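Below is one structure, written out as C-alpha cells; comments come after it.
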Amino acid sequence: MFTHWIVKPGAPQYIWALAVLGDFLIMGGALFFLLRMVPSRFRKTLVAAVTFLAGLIYSVEFFVPPDPATGENFLTSFAQKTVTDVVLVLSTFALGLGIYSLLRFHGRNLARRRAGWHNSLALYFAFFAMLLSGFWTMMGKSPAASNTYDMLFRGLVAAPGATMFSIIAFYIVSAAYRAFRIRSGEATLMLAAAFVVMLGSVPIGEYLTSGLPTTGFLSNFRMENVNLWILKEPNMAAWRGISFGVEIGALAMALRTWLSLERGSFFEREL
Amino acid sequence: METENRSRELTTTDRILRAFERLQHIDRRVMYALLAVVVAVPLIWNFKQPVVVTWPVQGAYDTIEKMPADKLAIIDIVWDSGTVAESRPQTEALIRHLMLRNKKFAIVAFMPQGNKLAYDSAKRIGSELGKEYGKDWIHWGYRPGGAMIQFMMGLGRDIPGTVKSDIEGKPVTSYPIMKGIKSIKNGDVGVIAEVTPSGTLDYWIAYVYGSYRTPLIYCPTAVMAPEGYNPLDAGQIKGMLTGMKGAAEYESLLGRQDFATRAAGALSTSHLLIIVLIIAGNIGYISSRRRRSES
Amino acid sequence: MNTLTSWLSNSSITQSIALWLAVGATLGIYSILYKENPIYRLVEHMYIGAAAGYYAYIGWAQTLKPLWWDRITDGQWVWIFALIGGSMFYFIYSQKHVWISRIIFGGLLGLVAGAAFKGFAGLNVDRIEASFKPLWGVPAPNIINNIFAMVILLTVMIYFFFSFEHKTKLHRAPANLGRWFLMFAFGAMFGSTVMARMSLLIGRVHFLLADWLPIAK
Amino acid sequence: MDHANLPIAILEGVLVFLILFKIYSARRGRDLYIRRIPGLNAIEEAVGRATEMGRPMMFSPGINALNMPTLQALSILRHVTSVAARYRTRVIVPTCDSVVYTVAEEISKDAYNSEGRPEQFNADDIRYLSDDQFAYASGCVGILTREKIASSFMFGAFFAEALILAETGHNMGAMQVAGTPSITQIPFFITSCDYTIIGDEFYAASAYLSREPTLLGSLVGQDYAKGVLIVVIVAGIIAASVLGVDHQLLSLLSTFGQ
C-alpha cells in the first residue's frame, strides 16, 4: 500500500516508519479480520496445513534432483536465501517477547519492592546501557561511542561469559571426585577410561612413558598414543552407535510434527 | 566416658581405616581452593617440567624449518580475546620461530581483536630480535570473516591485488618484503599457519591446499583439536599445535620457556589434582567398605 | 555532557574501566563457588541485563536492519508480511486469539521438520560409510581395530532397542555389553573434556594475574 | 550433501515408511511393548520429594531454539507440569529462547487447565532469562540457589552449561533427572544427576510417559529403522571385506550420480 505506491526509496526514515506502520495496520488488520472468521473446528486443520506446506519447502528442495550445471533446483535459492532470511527476521521479532517478559518480571520486582529489587534495577541499568551504547555506535563513527560500547561489552558481557564458561573447570573436579568410585562395574569402567585419557592429554602423562620408542610395536603403549587410540576407536564407535539412534529419533519426531501426528507437548489443546 | 572406652577398643587398622574414610567426603570448597592454587602457582613461578614433543608439533616445526627463505609464510589469525590464553602463545611461538630463522612472513586477521593482539605480539618480538617491519615481516590487517573464502581464493591467483594495503593503509607493493611475491599459484607462499578456535581449517584445505598443495599448519584450541586428526592422518595438514600444550612443546623446540610452558605446567598440575582426588576418594571408599564388612 | 563525551573518547580511561568491570565480574561469578551471595546476585543480574541489551541491539543491527528494514526502504514492500508474521507471536498474550500464534509456530516447526531429511543425510551418510570397515584383507592391527569397532557399534545400537523384551540371555548379553562400552566411551569423553575446560580456567586466572595484577607477566 | 541422490532417497524412504507404517498399525489398536526406562519412572518420585519438602522444582528445556530436541523437552515439561499440578507443587521453567519461552508458557497453562487447577498457574514461573548461553546458565544457578530447588529436571539440547546446572543442583541437594540427545554432555549428567536418560531414550520419553498409540507405534517403527541401518552396516562390512575398501559400491550413498 503506502510502501509500494506512495513512499519511494530515498524518502526520509521517519516517513518510511509511518508507511510501514500504516501498511502493517491495514494489512495485518485485514488478515486478523479474516482469521477471526475461521470457525473453531477448522482452526486445527489450518495450522496443520500451514505446518505441512512449510515442511514441503525444505523437503522438496532436498529430494528434487538439481540441475547438474548449477547444482540447484527450482526451490534452492528460495529455500536457502529467502526462507532463511524470513526465519531469521521472524525469530528476531520474537526476541521482543523474551525481552518483554524479562523486563516485566524485573519491573514487577521493582514496583513491589520485592526482596532483591536493587538487583532488578541493576539489570535494567545494564540492559539500557548496553542497548543505547549499541545504537550510539550506529549513529556515525564517534570514538566515544565505540569506546563505551567496547567497555560495556568487555566488562558486562564478555568477561562474565568467559568466567561462567571457565567455572566448569571447578565443577568438573568435584564431579569427577564424587562420581568416579569403584562402586560398580560401570562406574569403574568410566573411571578407567577417564583416568587414562586425562593422563594421556597432559605433558606429565606423556612424560611417564617417554622412555618407550616412538616407532614400532612398543610405541603403541606411549600414553599419548593410548589416549588417541581410545578416542579414535572405541569412543568413536560408541558415539556412532548412539548418534544413529538419536538421529532416527529426531527424524521420526520431525515426521510426526510435519504430518501433525505428534501428541504430547502443545498439540493436545482445543483451538 | 563411653566414647573413651570405645576408642580403646578400636584396633589400629580400624583407626587407620577411619582416618582414610574421611577421604570420601572432602568438602567441595577445599577442592575448589586446591584447584585455584595448583593453576595459579605454575603461572606465577616457573618450575622445570618435562615437555615431550609430540609428532604433530614436530611436524609443524620441521615444515617451517624446511621452508625456503625466498618464500613467504602466512599466519592467519581467526581468534579474539576470548581464547587469548591459548591462541596468543601459539601465534607468538610461530612468529618467534620464523624471525629466528630469518624467514619472511605476513599476518592476516579475520577477527578485529586478534588483529590488534597479534600485531602487538609481532612488534614486540620483532623489536626484541631486531626485525624490521616491511622488510622482515608485514601485517596485512583485518578482513571481515564473511570475506574469508573470497580472500583465500584471491591469494591463490594474485596476492598484491587481493591484499592491496597493509594494516597501516599503505599499498603492500611499497614494502620490500612483497618484492616478487605474486600468488600462491606461482609458488610464492611456503607455509600457511592458521591459529583459530573455530572450524575454519576446512576452507584452507578446500580452497588452497586442494589446488596448490601449500603446506598447512593448524593451531586449534584444545576444544577443537579432535577435528584436526582426520586431515592430519590424510596429510592435508603438516603439523598441529593443540592449545597451550602444543604451544609449550613448540617453545621447548625453540629452547624457550614462555607463557605456554607455564600454562602447560598448570594443565599438568590441574589434571594431577583430579587424579589424586579420584584416588583419595577411592581409598576412602574402600576403607569404609572394609570396615563395614569387618564389623 | 561534553565533558562526559570527551572523557569517553579517551580509550585509556574506558579501557581501565572495562578492566575493573571485568575483574569485578570475574571475581563476582567465582564467588558462587563458596556460596550464594549478594555480589554474585548483582553480577548475575547485570550480566543477564547486558546480554539482553546486547542481543536486542545485535538483533536490530545485524538482522532486522540489513535483512528487513533496508529491503523495505529499498522498495521490496512484501517484507511487510514478515512484520505481520512476527506480530502473530504476540497473540500468545490474548486468551481469545491465542490460536493465531499457533499458525506461526506451526510454520516454524514445519520448516524445522522439513529440513530433517537433509539433516539426517548430511549427518549420517558419512558416518554410515565410515562404518564399512573390512574384517579381512588388511594388516592385522587394523583387523583387530575393525572387529572392535564393529562389535561396539552393533552392541550399542542393540542396547537402544525399546520394543523387544530382553528375555533370554541371547537378547540380554549384547545389550548389556553395549551398555558397558557406552560407559567406557562416556568416561573417555569426560576425560578428554578436562583439558579444554582447564585451558579456559587458566585463561581466566591469567587474566587476573597478568592483566589486572601484574604478577604473571 | 546438498541434494538427495537415489540411494539416499531409497534409504530415507524405507526409514520413513517403516515409522509411518508402525504408527498407523498402532493406531488400529495393536498392543505394544516398551522396555523399562528407569530415569522416566523417577520423574514422579522427584515431584513427590519436592512436595514433601515444600520447595519448588526447576525444569530446563535446554538451550536450543524451537527444534526437535526442544519440542521433545516441552512434551516432557507438559508431563512434569501435570504431575506437579496434581501434587500442587511449583515448577520454575527458565528458557533460553523467546519462542521456546512462549510455547513453554502455553504448555504450562494448558497442563494446569487440563488438571483442573488453572489458578495454580503463575506467569512469573515461566521465565525468559537470556539468549546468551552463559547468561542463561548464570540465571539458572541463581534460581537453583535462591529458590532452594528440591528437584531439578534437565531435558533438551545442552552444551557446556550442562555441568554448571547439574553440579549446582547437586550441591543444593536437589534430586536431578536429566536427558539429552547431545552426546558430549551425557557423561556430565551421569556424574552429577540421580537419573540420566541417555541417547534416544530421550526421544522415547513421550511415548513412554503418555502410552499414546501414535507415539508407541513411532517408537517401534524407529526400532525397525535402526534394524535397517544395522543391516546396511553389516552388509557394508561384508562388502568391504570381500570387494576391498576402495570399491565404489561402498561410497554409493555419498557419490552416486556424481
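Nothing here was measured: the structure is a model prediction, and the numbers come from that model. The chains referred to below are lettered A, B, ... by the order of the sequence lines, with proteins before strands, and numbering in each begins at 1.
- Heavy atoms closer than 4.5 Å to chain C are found nowhere in A:Ala11, neither backbone nor side chain.
- Using a 4.5 Å cut-off between heavy atoms, A:Glu233 touches chain C through its side chain atoms alone.
- For A:Ile172, the parts lying under 4.5 angstrom from a heavy atom of chain C are both the backbone and the side chain.
- To the nearest 0.5 Å, the span separating CD1 on C:Ile29 from CZ on A:Phe165 amounts to 13.5 Å.
- The heavy-atom pair separating C:Leu21 from A:Gly155 by the smallest distance is CB-CA, 3.7 Å.
- Each of A:Leu103, A:Leu102, A:Leu56, A:Val157 has some count of heavy-atom pairs under 4.5 Å with chain C, and the biggest count is that of A:Val157.
- In this structure, A:Phe32 and C:Ile100 have side chains that are in contact, with non-hydrogen atoms separated by less than 4.5 Å.
- Ranked by non-hydrogen atom pairs under 4.5 Å with chain C, the options A:Asp150, A:Leu152, A:Leu121, A:Ile168 are led by A:Ile168.
- A heavy-atom distance below 4.5 Å is not found between the side chains of A:Arg240 and C:Met157.
- Between atom CZ of residue A:Phe170 and atom CE of residue C:Met198 there is a gap of 8.5 Å, rounded to the nearest 0.5 Å.
- Within the 4.5 Å cutoff, the side chain of A:Val47 has no heavy atoms near those of the C:Phe105 side chain.
- Using a 4.5 Å heavy-atom cutoff, the side chains of C:Lys65 and A:Met138 are in contact.
- Heavy-atom distances place both the backbone and the side chain of A:Leu90 under 4.5 Å from chain C.
- Annotation: maximal heavy-atom pairing with chain A below 4.5 Å, among C:Ala22, C:Ser16, C:Ala185, C:Ala50, occurs at C:Ala50.
- Shown here for A:Met190 and C:Met183, the closest heavy-atom pair between the two residues is CG-O, 3.1 Å.
- Between chain C and the options A:Ala144, A:Ala237, A:Gly200, the largest number of non-hydrogen pairs under 4.5 Å is found for A:Ala144.
- Proximity to chain C (any heavy atom under 4.5 Å) is shown, for A:Val60, by neither the backbone nor the side chain.
- Using a 4.5 Å cut-off between heavy atoms, A:Thr137 contacts chain C through its side chain alone, with no backbone atom that close.
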Evaluate A:Leu31 against C:Met88 for side-chain contact (heavy atoms from CB on, under 4.5 Å), listing each step before the verdict. CA-CA 11 Å; A:Leu31 184 69; C:Met88 285 182 168; 3.7 Å; yes
Worked verdict on A:Lys44 versus C:Trp99 for side-chain contact (heavy atoms from CB on, under 4.5 Å): CA-CA 9 Å; A:Lys44 238 177 181 163; C:Trp99 79 276; over 6 Å; no
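- Note on A:Val38, A:Leu251, A:Leu259: by heavy-atom pairs under 4.5 Å with chain C, the leading option is A:Leu251.
- When each of A:Leu231, A:Asn235, A:Val83, A:Leu53 is checked for heavy-atom pairs under 4.5 Å with chain C, A:Asn235 comes out on top.
- Atoms OH and OH, on A:Tyr100 and C:Tyr90 in that order, are 10.5 Å from each other to the nearest 0.5 Å.
- The 12-atom threshold is not exceeded at CD1 of C:Ile39, counting heavy atoms of other residues, nucleotides or ligands nearer than 6.0 Å.
- Taking the side chain as every heavy atom from C-beta outward, C:Tyr54 and A:Tyr149 approach each other to under 4.5 Å.
- Considering only heavy atoms from C-beta on, A:Ile230 comes within 4.5 Å of C:Phe184 through its side chain.
- For the set C:Leu111, C:Ile103, C:Val78, C:Leu201, the entry with the most heavy-atom pairs within less than 4.5 Å of chain A is C:Leu111.
- Atom CZ of A:Phe135 is surrounded by more than 12 heavy atoms from other residues, nucleotides or ligands within 6.0 Å.
- The distance from the CG atom of C:Leu182 to the CD1 atom of A:Ile242 is 5.0 Å, given to the nearest 0.5 Å.
- With chain A as the partner, the residue from C:Phe91, C:Phe160, C:Tyr30 showing the most heavy-atom pairs under 4.5 Å is C:Tyr30.
- By number of non-hydrogen pairs under 4.5 angstrom with chain C, the leading residue of A:Arg154, A:His106, A:Met164, A:Met130 is A:Met130.
- When heavy atoms are compared at a cutoff of 4.5 Å, A:Leu46 approaches chain C solely by way of its side chain, counted from C-beta outward.
- Neither the backbone nor the side chain of A:Ala129 has a heavy atom closer than 4.5 Å to any heavy atom of chain C.
- By number of non-hydrogen pairs under 4.5 angstrom with chain A, the leading residue of C:Phe148, C:Trp20, C:Phe181, C:Phe81 is C:Phe148.
- Contact of A:Ala187 with chain C is not made at all, since no heavy-atom distance falls under 4.5 Å.
- Annotation: side chain of C:Leu67 is not in contact with side chain of A:Thr92 (no heavy-atom distance under 4.5 Å).
- Note: C:Gly53 leads C:Ala51, C:Pro141, C:Gly53 in heavy-atom pairs under 4.5 Å with chain A.
- Applying the ring pair (Phe, Tyr, Trp, His ring centres under 6.0 Å) test between C:Phe117 and each of A:Phe62, A:Phe63, A:Tyr58 identifies A:Phe63 as the sole match.
- Comparing C:Phe186, C:Phe120, C:Trp7 by how many heavy-atom pairs each has under 4.5 Å with chain A, the most go to C:Phe120.
- Minimum interatomic distance between A:Tyr171 and C:Leu33 (heavy atoms only, all atoms of both residues): CE2-CD2, 3.9 Å.
- Remark: C:Leu83 CG to A:Met27 CE distance equals 9.5 Å, nearest 0.5 Å.
- For A:Phe125, the part sitting under 4.5 Å from any heavy atom of chain C is the side chain, from C-beta outward, and nothing else.
- Pairing each heavy atom of A:Gly241 with each of C:Leu153, the nearest pair is N-CD1, 3.4 Å.
- Here the CD1-CZ distance, from C:Ile58 to A:Phe153, works out to 7.5 Å after rounding to the nearest 0.5 Å.
- The shortest non-hydrogen separation linking C:Trp180 to A:Leu189 is O-CD2, 3.1 Å.
- Residues C:Trp79 and A:Val86 have side chains in contact (heavy-atom distance under 4.5 Å, counting atoms from C-beta outward).
- Contacts of A:Gln13 with chain C are made by both backbone and side-chain atoms, with heavy-atom separations under 4.5 Å.
- Listed by chain and residue number, A:Asp85 satisfy the salt bridge (Lys or Arg N to Asp or Glu O under 4.0 Å) test with C:Arg71 (two or more places apart in sequence, or in another chain).
- Smallest separation of non-hydrogen atoms from A:Gly161 and C:Tyr47: CA-OH, 3.1 Å.
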